[in-house]
Amino acid sequence: MRGEVVADFRQTYGIDLPLGGGFDGATDEDLCRWQVLYSQLPARSRVSVRLEPDNLWDDKTRLLDMIEHELRCFHYGFTEDARKRVNAPQRIISPGERARNERRRDSALAAREEIAAALGVDE
């Protein structure tokens, strides 16, 4: 993540942060200034997107997603599937939801042996 912070500071503020492992020569005032600037990075910055993938979608994209889903639901209401209450339209998965699903999947796979043992199931 250090690379993203350095790149975001360069792109957003025109500031070159030290690339090394430490902040040799940086004063407490420098560190406080960098912390304030870090907390004010734009929502679509590399760091913000890495910490919260939903930041990839701006307000227009979210609105378009909602409109698209409502239109599909409206159309669905006139179909035979709607009468049978099957195959309802699903929302598009946002980048944040996709990341959360991947974390859940990875966590479950990591604990697979423990889950199998608890359920008494052979893998």
Side-chain angles (χ1 to χ4, degrees):
M1 183 144 106
R2 182 176 188 79
E4 285 102 341
V5 173
V6 171
D8 281 341
F9 269 51
R10 179 70 177 133
Q11 181 178 4
T12 306
Y13 307 120
I15 296 172
D16 287 321
L17 292 176
L19 293 174
F23 291 101
D24 297 334
T27 65
D28 286 344
E29 185 177 313
D30 290 334
L31 296 175
C32 287
R33 182 179 300 115
W34 293 340
Q35 189 278 327
V36 169
L37 293 173
Y38 177 84
S39 69
Q40 297 301 313
L41 284 170
R44 306 265 324 257
S45 68
R46 294 167 189 84
V47 172
S48 294
V49 168
R50 183 164 184 186
L51 294 174
E52 182 49 63
D54 270 335
N55 287 343
L56 280 170
W57 283 11
D58 59 7
D59 292 339
K60 290 178 186 176
T61 305
R62 290 180 212 288
L63 183 58
L64 285 172
D65 174 57
M66 290 169 44
I67 292 169
E68 185 273 342
H69 181 68
E70 290 299 318
L71 286 172
R72 283 192 295 125
C73 288
F74 179 74
H75 178 265
Y76 169 77
F78 295 102
T79 65
E80 187 64 32
D81 282 351
R83 287 184 204 91
K84 295 177 184 178
R85 297 183 185 261
V86 295
N87 300 323
Q90 302 296 312
R91 290 199 78 103
I92 295 172
I93 297 174
S94 71
E97 187 61 31
R98 184 176 297 114
R100 286 186 287 279
N101 290 344
E102 288 173 2
R103 281 195 301 272
R104 286 185 202 113
R105 181 200 63 211
D106 293 346
S107 176
L109 289 175
R112 188 174 184 172
E113 290 179 14
E114 184 179 337
I115 293 169
L119 296 174
V121 178
D122 292 332
E123 282 195 61

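When a residue number appears, it is its place in the shown sequence, counting from 1. Predicted, not measured: the structure shown is a model, and the values here were computed from it.
The local environment of CG in Asp16 is crowded, with over 12 non-hydrogen atoms from other residues, nucleotides or ligands closer than 6.0 Å. By the neighbour-count criterion of 12 heavy atoms within 6.0 Å, atom CZ of Arg85 is sparsely surrounded, having that number or fewer from other residues, nucleotides or ligands.
Within the 4.5 Å cutoff, side-chain heavy atoms of Arg91 are placed close to those of Asp65.
The shortest heavy-atom contact between Leu51 and Tyr38 is CD1-OH, 3.7 Å. The minimum heavy-atom distance linking Phe78 with Arg83 is given by the pair O-NH2, 3.9 Å.
Atom CG of Leu64 is separated from atom CZ of Arg62 by 12.0 Å, given to the nearest 0.5 angstrom. In this structure, CG on Leu41 lies 11.5 Å from CG on Asn55, to the nearest 0.5 angstrom. Note that CG of Asp30 is 13.5 Å distant from CD of Gln35, once rounded to the nearest 0.5 Å. Rounding to the nearest 0.5 Å gives a distance of 8.5 Å between OG of Ser45 and CD of Gln11. Here CG of Asp54 is found 3.5 Å from OG of Ser94. Values are rounded to the nearest 0.5 Å. Rounding to the nearest 0.5 Å places CZ of Phe9 at 5.5 Å from CG of Leu17.
Tested against Arg72 for a side chain to side chain contact (heavy atoms under 4.5 Å, CB included), the candidates Glu70, His75, Glu68 yield a single pass: Glu68.
Asn101 and Arg98 share no donor-acceptor pair across their side chains, judged by distance under 3.5 Å alone.
Side-chain atoms of Asp8 come within 3.5 Å of backbone atoms of Val47 as a donor-acceptor pair (strictly under, hydrogens ignored). Gln90 contributes a side-chain N or O that, together with a main-chain N or O of Ala88, makes up a donor-acceptor pair within less than 3.5 Å. Side-chain atoms of Arg46 never come within 3.5 Å of backbone atoms of Val6 as a donor-acceptor pair (strictly under, hydrogens ignored).
Under a 4.0 Å N-O distance rule, the pair Glu102/Arg105 does not qualify as a salt bridge. Between Asp106 and Arg103 there is no salt bridge, since no side-chain N of the basic residue sits under 4.0 Å from a carboxylate O of the acidic one.
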